[in-house]
Amino acid sequence: MVDDDLRSTLESVGEQFNLGEYEIDAYLTVLEHGQLTASEIADRTDIPQPRVYDTVRSLSDRGLVELRETRPMQIIAVDPDEAFSRVRSSLTEMVDELEARYTAPARATEAVSLVKSRSTILRNLAEVIEAAEYELILSLTPELLDRFDEELREAIDRGITIELLVTPAADAPSPETFDYGAVSTVAKARRGITTPVIAVADGEYSVYATQDAIRDDRDRYGVIFNRSALGFLVSGFFGTVLWTTAEPLAANGEGRPFPRRYASIRRCVKDVHELGGEFFARVEGRDVETGEALVVSGRVADVDFDDTEEVASMTVETENGEVTVGGRVAALERIEAHEIRIARDEPPTR
C-alpha cells in the first residue's frame, strides 16, 4: 500500500509540471526578458490579451514568476534554480522511496523469443557481440556496421573470430575507404535488401531479424535464440545460404595463432583445408545415434570440403581408431560437433 506522503509527493510533482500551452509560452517569454507587463507578453506571444492575467497568475501559483500589483502589473521571472529547487528535492526523495519499494521482477530467460521492437532487436544484437567468447557470425546493414563499429573492434582485440556479411552490397563501404580488417576476420557483401540481419555468438546466442524490422516496421519481427541449441539453425542458414552467395570484401585471419576454437565445422574445416599441414583436434559433441556426450581428440587424418562450402566434415585419428565428425544435425558422421579446438603440434586441451 502506498503511504500518504509518497502519494502526496507524486501528486505535487505532477501538479508542478502540469503546464498548458499558454503557461509554457508565457513562462519562456518572461524568462527570456526577465520582466514584462501583461500587454508585452500578449504582444510577444499568441496568448489572447484576456487570457494573459489568468495565465501569469497560474505561473505565480507554481512559483515560477512573481507578480507586482502595479499599474501596469509587472511579471518578474524567478531564477529557475530557485523555482525548481523544491521539485528537484521532491523528485530525489520520491525516487529514493520508489527504489526502496521496487521489487525486481523475475526475468526467466526464454530459449526463443519473438520481438517486434527495434530497440529490443538492437539491444540483443549488442549483447550477442559482447557475449562472444571466440566466434561471431554477423550479417549487418552498413548502418548497423557503423553503429557497432567500436564493439566489433573491441571484439577483434579480444581475439574473437568474426565472419562479417554486409548487405545490401551496393551500400557497403569500399575496402579502399573502410578498414574491414579492424572489425572482422573475413568480410563479404551480399546484394539486395532481402538478406536478413543476423548475429550468432559461439554457435548459441543468436538474433535473426528482417531489415524491415530494423527500420521499425511494426509488421516485421526479430527472433532471439538465447543460449539455445536452436541457434545452430541461424548459423547453418548463414553458412549455407547467405555466405555462399556473397562476394569477398576483405580477409584478415591468416595470421591468427593456434590453438583456435570453432563453433562452425564449416569454418574449421575450411581453415584446415586452406592452411595445409598437420593438425590436431579436440572435439566436444555427441554420438549421432545414441545422443551420448562425447569428447574425442587426436590427429586430423582427413577433411572433406568443397568450394561451395556446403560439405564440411573431418576424420580424427584417436587412440580407439578413426572417428568421423560433422556439424550440427550430422547424420553421416559418428559425432555431431558442438565445439572444436584445433592445434598444430598436439591435441589441444580444454
Side-chain angles (χ1 to χ4, degrees), residues 104-167 172-173 178-188 195-211 213-216 221-239 242-243 249-250 252-253 256-257 259-264 267-268 284 328 338-341 350:
R107 299 185 184 273
T109 302
E110 298 292 338
V112 181
S113 303
L114 185 68
V115 296
K116 286 192 174 183
S117 165
R118 177 177 182 271
S119 62
T120 302
I121 296 172
L122 293 176
R123 175 173 56 79
N124 278 275
L125 284 172
E127 289 179 359
V128 168
I129 294 171
E130 183 180 357
E133 295 182 7
Y134 57 92
E135 181 180 284
L136 262 176
I137 293 172
L138 297 168
S139 171
L140 302 176
T141 63
E143 293 77 13
L144 291 176
L145 176 60
D146 180 65
R147 182 187 184 98
F148 295 115
D149 181 272
E150 184 177 343
E151 291 85 347
L152 294 179
R153 290 173 186 270
E154 291 175 355
I156 287 291
D157 290 342
R158 299 199 312 269
I160 308 299
T161 298
I162 301 177
E163 284 188 345
L164 172 66
L165 186 68
V166 184
T167 180
F178 183 80
D179 185 8
Y180 283 98
V183 297
S184 67
T185 307
V186 57
K188 291 186 175 185
T195 305
V197 171
I198 285 174
V200 185
D202 307 330
E204 293 184 335
Y205 187 7
S206 57
V207 176
Y208 177 103
T210 63
Q211 291 190 40
I214 297 298
R215 288 191 288 269
D216 218 8
Y221 61 89
V223 183
I224 315 299
F225 297 92
N226 193 347
R227 303 296 181 185
S228 168
L230 293 176
F232 83 89
L233 293 173
V234 182
S235 179
F237 173 74
F238 176 93
L242 303 183
W243 193 251
L249 283 173
N252 185 38
R256 291 186 302 118
R260 300 180 184 176
R261 295 171 68 187
Y262 300 87
S264 163
R267 190 168 56 79
C268 172
E284 297 181 25
R328 296 280 188 168
H338 298 167
E339 181 180 313
I340 308 169
R341 295 174 185 250
R350 177 66 178 172

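Predicted model only: the values in this text are computed from it and were never measured. The chain is numbered in sequence order, starting from 1.
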Sub-4.5 Å side-chain heavy-atom contact between Glu135 and Ser264: yes
Closest contact, heavy atoms only, Ser139 versus Thr167: OG-CG2, 3.9 Å
Nearest non-hydrogen partners of Gly181 and Ile156, listed with the distance: O-CG2, 4.4 Å
Any Thr210 side-chain heavy atom under 4.5 Å of Val197 side chain: no
Under-4.0 Å salt bridge between Glu339 and Arg341: yes
From CD1 (Ile129) to CD (Glu150), nearest 0.5 Å: 11.5 Å
Note, Arg267 side chain near Thr161 side chain (heavy atom, < 4.5 Å): yes
Any donor-acceptor N/O pair, Gln211 side chain to Thr195 backbone, under 3.5 Å: yes
Beyond-backbone contact of Tyr134 with Arg260, side-chain heavy atoms, under 4.5 angstrom: no
Working for side chain to side chain contact (heavy atoms under 4.5 Å, CB included), residues Val128 and Ile224: CA-CA 10 Å; Val128 168; Ile224 315 299; over 6 Å; no
Greater than 12 external heavy atoms within 6.0 Å of Glu130's CD: no
Backbone N/O of Leu145 and side chain of Asp149: donor-acceptor pair under 3.5 Å: no
Min side-chain heavy-atom separation Phe225-Val200 under 4.5 Å: no
Expected output: side-chain Tyr180 to main-chain Pro173 donor-acceptor under 3.5 Å: yes
Ile198/Phe237 under side chain to side chain contact (heavy atoms under 4.5 Å, CB included): CA gap, chis, key distance, verdict: CA-CA 10 Å; Ile198 285 174; Phe237 173 74; 4.0 Å; yes
Rounded distance [0.5 Å steps], OG in Ser206 versus CG in Leu125: 10.5 Å
Ala209 to Ile121 - nearest heavy-atom pair and separation: CB-CG2, 4.0 Å
Any donor-acceptor pair under 3.5 Å from Thr185 side chain to Ile162 backbone: yes
Exam field: side chain Asp202 to backbone Leu136, donor-acceptor pair closer than 3.5 Å: no
Atom of Phe148, atom of Leu122 and distance for their closest heavy-atom approach: CZ-O, 3.8 Å
N-O pairing of Arg158 and Glu154 below 4.0 Å: no
Smallest separation among heavy atoms of Val166 and Ala172, with atom names: CG1-CB, 3.6 Å
Side chain to side chain contact (heavy atoms under 4.5 Å, CB included) assessment of Lys188 paired with Leu165: CA-CA 5 Å; Lys188 291 186 175 185; Leu165 186 68; 3.9 Å; yes
CA sep, side-chain torsions, deciding dist, call: Glu143, Arg147, salt bridge (Lys or Arg N to Asp or Glu O under 4.0 Å): CA-CA 6 Å; Glu143 293 77 13; Arg147 182 187 184 98; over 6 Å; no
Taking every non-hydrogen atom, the tightest pair across Ala263 and Gly203: CB-N, 3.7 Å
